[in-house]
Amino acid sequence: ELQRAWSHYAETRDEYRAVVLSAFQEVEDGLAQTQHLTTEAQQQQQAAQAALQAQQIALTLYTGGLDNYLNVVVAQVAALTARIADVQVQTRHLQGAVGLIRALGGGWSTKDLPTDDQVLPFNPLTFTPPTRAEEHKPGSTQSG
């Protein structure tokens, strides 16, 4: 009887230890992933800004008659691709933060979720192009 009790105690202790070690591993993995994605997000944001600057330069050269429109389109595609990659990294970063919060024992309820108006405060199909003055101002960015 005593041997059975000690065996049950040892089994329970080992299960508890495995759960605790697993929880520590999840938190450590979440911290490492969040740190990695923070760095990646900063680098991708810089790349997107550089692509937008290249787009603006190509547009300026085209409007000045020094370059063809194909280079403008190529720069716009590169800027859009960089922006899409930036948003994807930001999404992964937020997902990692949620995973870290979950690993730390956090949670949330549906009443804390944002409403549709808070998530999408405008119609994505509504587009107002910039005015002519805004297109040619130095330092202005255009998200093509």
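In the hydrophobic clustering of ILVMFWY residues, with side-chain heavy atoms under 4.5 Å counting as a link, Val73 and Leu59 come out together. In the hydrophobic clustering of ILVMFWY residues, with side-chain heavy atoms under 4.5 Å counting as a link, Val74 and Tyr69 come out apart. Hydrophobic clustering (ILVMFWY, side-chain heavy atoms < 4.5 Å, transitive): Val20 and Leu104 are in distinct clusters.
Counting heavy atoms of neighbouring residues, nucleotides and ligands inside a 6.0 Å radius, atom CZ of Arg17 does not exceed 12 of them.
A donor-acceptor pair under 3.5 Å is absent between the side-chain atoms of Ser22 and the main chain of Ala18, judged by distance alone. Here the side chain of Gln76 pairs no donor or acceptor atom with the backbone of Gln55 at under 3.5 angstrom. Without hydrogens or angle criteria, Asn68 side chain to Asn71 main chain gives a donor-acceptor distance under 3.5 Å.
Between Trp6 and Leu2, the closest side-chain pair of non-hydrogen atoms falls below 4.5 Å. Under the 4.5 Å side-chain criterion, counting only non-hydrogen atoms from C-beta, Gln90 is not in contact with Leu94. For the pair Val98/Gln95, no side-chain contact is recorded, criterion being any heavy-atom separation below 4.5 Å from C-beta on. Side-chain contact between Gln25 and Leu21 is absent, with no heavy atoms from C-beta onward closer than 4.5 Å. A heavy-atom distance below 4.5 Å is found between the side chains of Thr38 and Gln42. Looking only at side-chain heavy atoms (C-beta outward), Leu100 and Leu31 come within less than 4.5 Å of each other.
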Checklist line | Check against side chain to side chain contact (heavy atoms under 4.5 Å, CB included), Leu37 and Glu40 | finding: CA-CA 5 Å; Leu37 288 173; Glu40 187 178 346; 3.5 Å; yes
